[in-house]
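Please read the structure below before turning to the comments.
If you're wondering where the values come from, they're calculated on a predicted model, not measured in any experiment. Numbering of residues begins at 1 and proceeds along the displayed sequence.
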Amino acid sequence: QVHVVESGGGLVQEGGSLRLSCVASGRSVGHMAWFRQVPGKQRELVAQMTSGGNTDYSDFVKGRFTISRDNAKNTAWLQMNNLKPEDTAVYYCAVTLRRFPSSRLTAQNYGYWGQGTQVTVAS
C-alpha cells in the first residue's frame, strides 16, 4: 500500500515558475513520475525518473521542466520554469513499486497516484 500526496500548485503568470512536491509513503518505490490532465482530455506524461536517476521527458516540456527525487525520503519534485497557458492542468504524481529495467514507462505501469494539484497559468 502506497499513499501519494502532491502539493505546490497554484496560480502564476505566463513565464513564471512553480515547484511541485510529491511524497509517497508506505513503501519504498521504483519509478516516480508527473502526469497532467485537462478536463475532457487524456492524462499525459510530463516527466518520469527511475530510482537510479535516469529521466524521461515528454516533448512538450522543451527543457522547461526538471524532475528530481530523494530516494531516502520517497519524495519527488517537478521544477516548472517558463510556464505557458497551455501548461494549465491538474498535475498528478504517480509511482511504481517495481523497479522496471526501462526508464520509459507509460501510465499503465503506474499503480499509485496522488490526488492532483491544480496549476493555472494566466496569460
Checklist line | Nearest non-hydrogen partners of R64 and D87, listed with the distance | finding: NH1-OD2, 2.7 Å

Next item on the list: Hey, could you give me the CD1/CD distance between I67 and Q79, rounded to the nearest 0.5 Å?
Entry: 12.5 Å

Notebook entry, point to check: For the atom pair CH2 (W34) and OH (Y57), what is the distance rounded to the nearest 0.5 Å?
Noted result: 12.5 Å

Check: Quick one: do V121 and V46 end up in the same hydrophobic cluster if we chain Ile, Leu, Val, Met, Phe, Trp and Tyr together by side-chain heavy atoms under 4.5 Å apart?
Finding: yes

Check: For V5, which fellow cluster members are found when Ile, Leu, Val, Met, Phe, Trp and Tyr are connected by side-chain heavy-atom distances below 4.5 angstrom, either directly or through intermediates?
Finding: none

Item checked: Taking every non-hydrogen atom, the tightest pair across M80 and V119 -> CE-CG2, 3.9 Å

Check: What heavy-atom pair brings C93 and M32 nearest, and what distance separates the two atoms?
Finding: SG-CE, 4.5 Å

Next item on the list: Determine whether N81 and S17 make a side-chain contact, defined as any pair of heavy atoms from C-beta on separated by less than 4.5 Å.
Entry: yes

Check: Which pair of non-hydrogen atoms, one from L45 and one from L105, has the smallest distance, and what is that distance?
Finding: CD2-O, 4.4 Å

Check: Which heavy atom of T96 sits nearest a heavy atom of N109, and at what distance?
Finding: CG2-O, 3.2 Å

Note to self: Quick check for you: to the nearest 0.5 Å, what is the distance between S25 atom OG and K73 atom NZ?
What the structure shows: 15.0 Å

Notebook entry, point to check: Rounded to the nearest 0.5 Å, how far does CG of L78 lie from CE of M49?
Noted result: 11.5 Å

Using a 3.5 Å cut-off and no angle test, enumerate the donor-acceptor pairs between side-chain atoms of residues 7-16 and protein atoms at least two apart in sequence or in another chain.
none

Next item on the list: With sequence neighbours excluded, give me every ring-ring contact (aromatic ring centres under 6.0 Å, His included) pair touching residues 84-123.
Entry: H31-F100, F35-Y110, F35-W113

Item checked: Atom pair OG1 (T55) and CZ (R69), whose distance is rounded to the nearest 0.5 Å -> 11.5 Å

Notebook entry, point to check: Shortest non-hydrogen contact from G116 to E6?
Noted result: N-OE1, 2.8 Å

Check: Do S28 and N74 come within less than 4.5 Å of each other through their side chains, counting heavy atoms only?
Finding: yes

